[in-house]
Amino acid sequence: MFRPTNTRSALNALAFNTSGTVDFARLSRPPQQGDPTWIDFVPFVKDAVTWAAPAGGNAPKNLTSAELRWIYSCDITNWREIDPSLPDATIRPVVPGVHVSDPATRRSSYLSDEMTAFAAAAVNGDPGTFYAGPCVTSGVAEDQGEDAVLHDPNAIVPYSVGRWVGQVTGGHRKPGDDPGVLVPQTLDGRAPTVDGAINPAFLATWYGRALYLGVRDGDWTGTDAHGRALRAVFGRNGWFCTSPVAAAAVRSHGFLRVPVFVCGATTHA
């Protein structure tokens with residue numbers, strides 16, 4: 001089967017397959033109303049989402065959350081509307097995956113986990129109120145920079161800070177999994193990275209998030225060998241929460257570990 005690329009498809013993979021095919025799946029948001037109550041969300045690592053642009057492009061080094069909303073709603077379309085000293089060029093806002101927007105209500109929904117987290121953070125809560133207007137280009141892969149549209153010097157796109165750090169600093173880049181020319185940019189005056197890692201000050205903003213492991217509750221709590229194996233790897237006293245090797249792997253891939261009292265805990269809708 002294909003590896004899920006967002007939380008919706010990951011939940012479906014757990015729902016429509018057995019543990020013989022899918023044991024667990026990565027989820028990029030906390031549980032929401034409407035999610036299956038029999039799927040447990042286990043906090044996994046910490047990440048953040050910011051906007052990225054091509055190195056050497058026309059974008060400024062910093063944008064505010066308000067400016068990002070205006071750019072994506074197409075109320076700002078030229079860099080000089082932000083700063084007269086910037087190039088006279090049309091901004092090209094890009095959305096990973098697909099989005100559905102309603103001009104009447106000026107609300108949007110997104111398939112991309114990165115865009116959903118980015119949109120919610122920009123309005124301190126409800127991603128639907130972050131409106132993607134008619135100037136927005138969609139359809140690029142999430143956390144990748146090889147698409148030609150992203151080499152446009154006027155392009156901007158949401159990007160996982162942890163994923164970028166892992167690709168660039170951790171060396172986990174390869175064809176089809178590469179940021180290309182994209183560089184994460186400063187948002188609301190806070191740099192997303194510091195010393196080659198996620199900036200804790202940026203993580204503490206609305207743009208910080210947790211990534212989760214999704215498991216079926218029956219598998220997680222089971223007393224059979226399968227349940228014991230899942231907990232031995234991902235449970236409170238399991239390998240992932242206690243092993244220095246696991247900690248090094250998390251750092252190498254650009255993410256930060258969740259606190260020890262959170263690691264291995266479960267929650268659900």
Where do Asp23 and His226 land on the side-chain contact (heavy atoms from CB on, under 4.5 Å) test, with the steps shown first? CA-CA 9 Å; Asp23 285 301; His226 185 231; 2.4 Å; yes

Decide side-chain contact (heavy atoms from CB on, under 4.5 Å) for Asp126 and Arg107; before the verdict, give the C-alpha distance in whole Å, the side-chain angles of both, and the deciding distance to 0.1 Å. CA-CA 10 Å; Asp126 179 6; Arg107 295 178 66 88; 2.8 Å; yes

Between atom CG of Leu14 and atom OG1 of Thr21, what is the distance when rounded to the nearest 0.5 Å? 11.0 Å

According to a hydrophobic-cluster definition based on side-chain heavy atoms being under 4.5 Å apart (Ile, Leu, Val, Met, Phe, Trp, Tyr only), do Leu27 and Tyr110 belong together? no

Which pairs with one or both residues in residues 127-142 pass side chain to side chain donor-acceptor pair (under 3.5 Å), sequence neighbours excluded? Ser112-Glu142

Search all heavy atoms of Glu81 against all heavy atoms of Asp75 and return the closest pair with its distance. OE1-O, 3.7 Å

Is there a continuous path of hydrophobic side-chain contacts, each under 4.5 Å between heavy atoms, that joins Leu11 to Leu230? no

Same cluster for Val161 and Val258 if Ile/Leu/Val/Met/Phe/Trp/Tyr side chains link at under 4.5 Å? no

Apply side-chain contact (heavy atoms from CB on, under 4.5 Å) to residues Val49 and Asp113 and explain how you reach the verdict. CA-CA 10 Å; Val49 180; Asp113 287 334; over 6 Å; no

Indicate yes or no for a side-chain donor-acceptor contact from Arg80 to the backbone of Ser85 under 3.5 Å, with no hydrogens or angles considered. no

When you compare the side chain of Asp35 with that of Arg29, does any pair of heavy atoms fall below 4.5 Å? yes

Do Asn6 and Ser9 meet the criterion of a side-chain donor-acceptor pair at a distance under 3.5 Å? yes

Interatomic distance, Ile198 atom CD1 to Phe255 atom CZ [nearest 0.5 angstrom]: 7.0 Å

Pair up each side-chain donor or acceptor in residues 202-212 with any protein partner under 3.5 Å, not counting sequence neighbours, and list the distances.
residue: Thr205; atom: OG1; partner: Phe202; partner atom: O; Å: 2.7
residue: Thr205; atom: OG1; partner: Tyr207; partner atom: N; Å: 3.1
residue: Trp206; atom: NE1; partner: Asn124; partner atom: OD1; Å: 3.4
residue: Tyr207; atom: OH; partner: Ser65; partner atom: OG; Å: 2.6
residue: Arg209; atom: NE; partner: Asp47; partner atom: OD2; Å: 3.3
residue: Arg209; atom: NH1; partner: Glu114; partner atom: OE1; Å: 2.8
residue: Arg209; atom: NH2; partner: Asp47; partner atom: OD2; Å: 2.9
residue: Arg209; atom: NH2; partner: Glu114; partner atom: OE1; Å: 2.4
residue: Arg209; atom: NH2; partner: Glu114; partner atom: OE2; Å: 3.2

Check for a donor-acceptor pair, side chain of Gln144 on one end and backbone N or O of Val140 on the other, with a separation under 3.5 Å. no

Provide the closest heavy-atom pair for Ala25 versus Ala10 in the form atom of the first, atom of the second, distance. CB-CB, 3.8 Å

List in chain and number order the residues that pass salt bridge (charged side-chain N to carboxylate O under 4.0 Å, His left out) with Asp177, two or more places apart in sequence or in another chain; answer none if no residue qualifies. Arg163

Testing the basics here: between Gly196 and Val165, what is the closest heavy-atom pair and its distance to 0.1 Å? O-CG1, 3.2 Å

Hey, could you give me each pair passing disulfide (SG to SG under 2.5 Å) that has a residue in residues 53-95? Not counting sequence neighbours. Cys74-Cys135

With the 4.5 Å side-chain cut-off for hydrophobic clustering, are Trp164 and Phe44 part of the same group? no

Just by modelled atom types, is the Asp143 backbone N or O under 3.5 Å from a matching donor or acceptor in the Gln167 side chain? yes

Tell me, please, which residues at least two apart from Ala229 pass side-chain contact (heavy atoms from CB on, under 4.5 Å). none

Quick check for you: to the nearest 0.5 Å, what is the distance between Arg231 atom CZ and Thr221 atom OG1? 7.0 Å

Name each donor-acceptor pair under 3.5 Å that joins a side chain in residues 260-269 to protein atoms two or more places apart or in another chain, with its distance.
none

4.5 Å side-chain heavy-atom contact, Val123 and Arg69: yes

Spacing of CG belonging to Leu86 relative to CG belonging to Asn154, to within rounding of 0.5 Å: 10.5 Å

Should Val181 and Leu150 count as side-chain neighbours, where that means a heavy-atom distance under 4.5 Å? no

Decide yes or no on side-chain contact (heavy atoms from CB on, under 4.5 Å) for Thr64 and Asp188, but give the supporting numbers first. CA-CA 4 Å; Thr64 67; Asp188 292 328; 3.5 Å; yes

Does anything in residues 3-32 form a ring pair (Phe, Tyr, Trp, His ring centres under 6.0 Å)? List the pairs, not counting sequence neighbours. Phe24-Phe234

Solution key, residues 94-104 side-chain donor-acceptor pairs under 3.5 Å, sequence neighbours excluded:
residue: Ser101; atom: OG; partner: Ser108; partner atom: OG; Å: 2.7
residue: Ser101; atom: OG; partner: Ala132; partner atom: O; Å: 2.8
residue: Asp102; atom: OD1; partner: Ala104; partner atom: N; Å: 2.9
residue: Asp102; atom: OD2; partner: Thr105; partner atom: OG1; Å: 3.4

From Leu213 atom CG to Ile39 atom CD1, the distance as rounded to the nearest 0.5 Å: 11.0 Å

Taking the side chain as every heavy atom from C-beta outward, state whether Pro200 and Val194 have any atom pair closer than 4.5 Å. yes

Please find the pair of heavy atoms, one from Pro184 and one from Thr50, that lie closest to each other, and give the distance. CB-CG2, 3.6 Å

Kindly state each residue pair satisfying disulfide (SG to SG under 2.5 Å) with at least one member in residues 161-196, sequence neighbours excluded. none

Please report the C-alpha distance between Ser28 and Arg26 in whole Å, then the side-chain angles of each, then the deciding distance to 0.1 Å, and finally whether the side-chain hydrogen bond (donor to acceptor under 3.5 Å, both in side chains) criterion is met. CA-CA 7 Å; Ser28 297; Arg26 192 207 73 169; 2.8 Å; yes

Per the ring pair (Phe, Tyr, Trp, His ring centres under 6.0 Å) rule, what does the pair list look like for residues 45-81, sequence neighbours excluded? Tyr72-Phe130

Flag if over 12 foreign heavy atoms under 6.0 Å of CZ, Arg236: yes

Is it the case that more than 12 heavy atoms not belonging to Asp83 sit under 6.0 Å from its CG atom? yes

For Asp219, all residues meeting side-chain hydrogen bond (donor to acceptor under 3.5 Å, both in side chains), sequence neighbours excluded: Arg216

Do Trp220 and Trp38 sit in one hydrophobic cluster, given that two such residues count as connected whenever their side-chain heavy atoms are within less than 4.5 Å of each other, even indirectly? no

In short, side chain to side chain donor-acceptor pair (under 3.5 Å) pairs touching residues 243-261 with sequence neighbours left out are His172-Ser252, Trp239-Ser243

Atom pair CD/CD1 of Glu67 and Ile71 - distance to nearest 0.5 Å: 6.5 Å

Close side-chain approach of Pro179 to Val168, heavy-atom, < 4.5 Å: yes

